[in-house]
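It should be emphasised that the depicted structure is a prediction, and the values quoted were computed from it without experimental measurement. Values below: all heavy atoms of this structure, side chains included; hydrogens, waters and symmetry mates excluded. Numbers restart at 1 for each chain; the letters A, B, ... are given by sequence-line order, proteins then strands.
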Amino acid sequence: MEKRKFNIKSNKVTAKNTYCLELTALEPGYKFSGEFVDIELEGFYLRRPISVCDAWEGGITLLYKVVGDGTRALSRMPSGSVLDVLTGLGNGFDAAACRKSALLVGGGLGAAPLYRFCKELCSKGREVTVILGFNSADEIVLEKEFRALTDKVSVSTADGSAGVKGFVTDAVRLLAPQYDYYYTCGPLVMMKALHTMLEGSGEYSLEERMGCGAGFCYGCSCQTLTGTKRICKDGPVFKKEELLW
Amino acid sequence: MVKDLSVNLCGVQLRNPVVPASGTFGFGVELSDIMDLNVLGGISLKGTTREARYGNPLPRIAECTAGMINSVGLQNPGIDVLVGEKVPALRKIFGGAVIANISGFSLEEYTECCSKAAACDGVDIVEVNVSCPNVHNGGMAFGTQASSAAGVTSAVRKVCNKPLFIKLSPNVTDIVEIARACEDAGADGITLVNTMLGMRIDIRRRQPVIANRMGGFSGRAIFPVALRMVYQVAHACRIPVMGCGGVADAEGVVEMMMAGATAVQVGAENLRNPMVCPEIVERLPHLMDELGIDTLKSIIGTV
């Protein structure tokens, strides 16, 4: 964990109620794909934990949805504003768990933490299949970006306004992708359904209301088969074998 | 002139009065990657019970205006892990006062845990939580009546040869009566206050935000209430008080001390800003300079 000041480079709408936030800092303190940051917002007591979507020399990109007053306030912050950020939080995905081919399944903004990880897997020569699910066409994010990394990208929408009509589970059935390890992030109901239907092993990125975001308040602890784990510190990524649903 | 920030808590010398409060700083070691813990006067460790506890179901956290509600529910690894692993690990990197915070569901549990905590070399002070509002049939029952708070105090006093602080709940009618009862029963000091019982409802889901419905409200919003109780108790009792509740800056530390606190605990603010305690310690000498204070302990209870 590091506490850093970041500058807002840009903060733009990228889909319905969804913003793309580019932050710059001399040393972003970013380490692993799948990490998150915790952002202080003036006028709000607790920080807002948000997954890192992408990282580059001197900055990070986040995607967030306006779901309440805090994220609404964040969406109104102009370029050039300074944010106080706890960075380098959480454990991230384990690329080494995949030997040859990976399946990434993202639901809604669950696509965000998978993006940087997809880049990482592709750069290591892994074959990657990406399945993304959204409620409707106007909520789709990162489709173009994922397609630039791999040919095997499928998008589904619950209302059928784009791609496969239905949920990611329908797309998985339709595509029958080949993989030796899978990685997923999205709504809990989606991940529970995948847990039942996907063969083999994989990793799940969880979210929860957090207090400190850094492992010392025990506000987001969950019970696992390997003991009590803090989602913010021991996670947010957990292996299939650990999870109790 | 060099400022003297030191305070003395029942014979335990603290280099300054700033102590992260129980439950907001883990077992100390968790924060060692971003700060030098040794700038702190002491650390009050996460509340510990006889057996390991998972605590309450998720979600356990709700945001409020100028504060938050938690219902962690005393998640902890149990007293044997505290004295066998957590305290020794902290002691390797921390020379300040180590305060073991103990909770229990029965007098037997309190006495067993306090006796183990007091026997642990690395522990300087034992702080007994009789006020956690999260656990059904738990600490709340002991801390809300003078007779039962005194009962816990006298029971643990018999097995505790180290400075014994009783941490009180603010959810009571007469805090002074309870504090006096603890003093009469042998407490060496009083920590106040723990969290206030609170609640939030998600109006879209039409359900409480936290799974346990109610929880402990803490943060800046409770500062005036905590300060008032510190003032009342410090002026009514002869034993020292550790002030706690909504302290967020060096000004809050000074205010608590003027109200009568000998040391000051910082709680929920650690969750907003994990660096707040070292920032307060750094700011204190400058604030003392502005206020014309050379020796911090000279302001204790001056209002």
Contacting region of A:R47 [heavy-atom separation from chain B under 4.5 Å]: side chain
Taking [options] one by one, which has the highest count of heavy-atom pairs under 4.5 Å against chain B?
options: A:C217, A:G70, A:G215, A:C220; answer: A:C217
options: A:G227, A:G211, A:G43, A:S221; answer: A:S221
options: A:Q223, A:M210, A:E208; answer: A:Q223
options: A:E40, A:R209, A:K3, A:E2; answer: A:R209

Close side-chain approach of [X] to [Y], heavy-atom, < 4.5 Å:
X: B:R200; Y: B:P208; result: no
X: A:L62; Y: A:L23; result: yes
X: A:V37; Y: A:F6; result: no

Ring geometry between A:F93 and A:Y183 (parallel below 30°, tilted from 30 to 60°, perpendicular above 60°): perpendicular
Crowding at CZ, B:R206 (>12 non-hydrogen neighbours, <6.0 Å): no
Given that the side chain runs from C-beta out, which part of [X] has a heavy atom under 4.5 Å from chain A: side chain, backbone, both or neither?
X: B:A268; result: both
X: B:N273; result: both
X: B:E63; result: both
X: B:R220; result: both

Carboxylate-amine/guanidinium proximity below 4.0 Å for A:D94 and A:K239: yes
Partner chain A: residue of B:E30, B:R60, B:R204, B:E269 with the largest heavy-atom pair count (under 4.5 Å): B:R60
Top contributor to chain A interface from B:V29, B:I34, B:L58 [non-hydrogen pairs under 4.5 Å]: B:L58
Side-chain H-bond candidate by donor/acceptor type, A:N7 with A:T24, under 3.5 Å: no
Any donor-acceptor N/O pair, B:N70 side chain to A:G219 backbone, under 3.5 Å: no
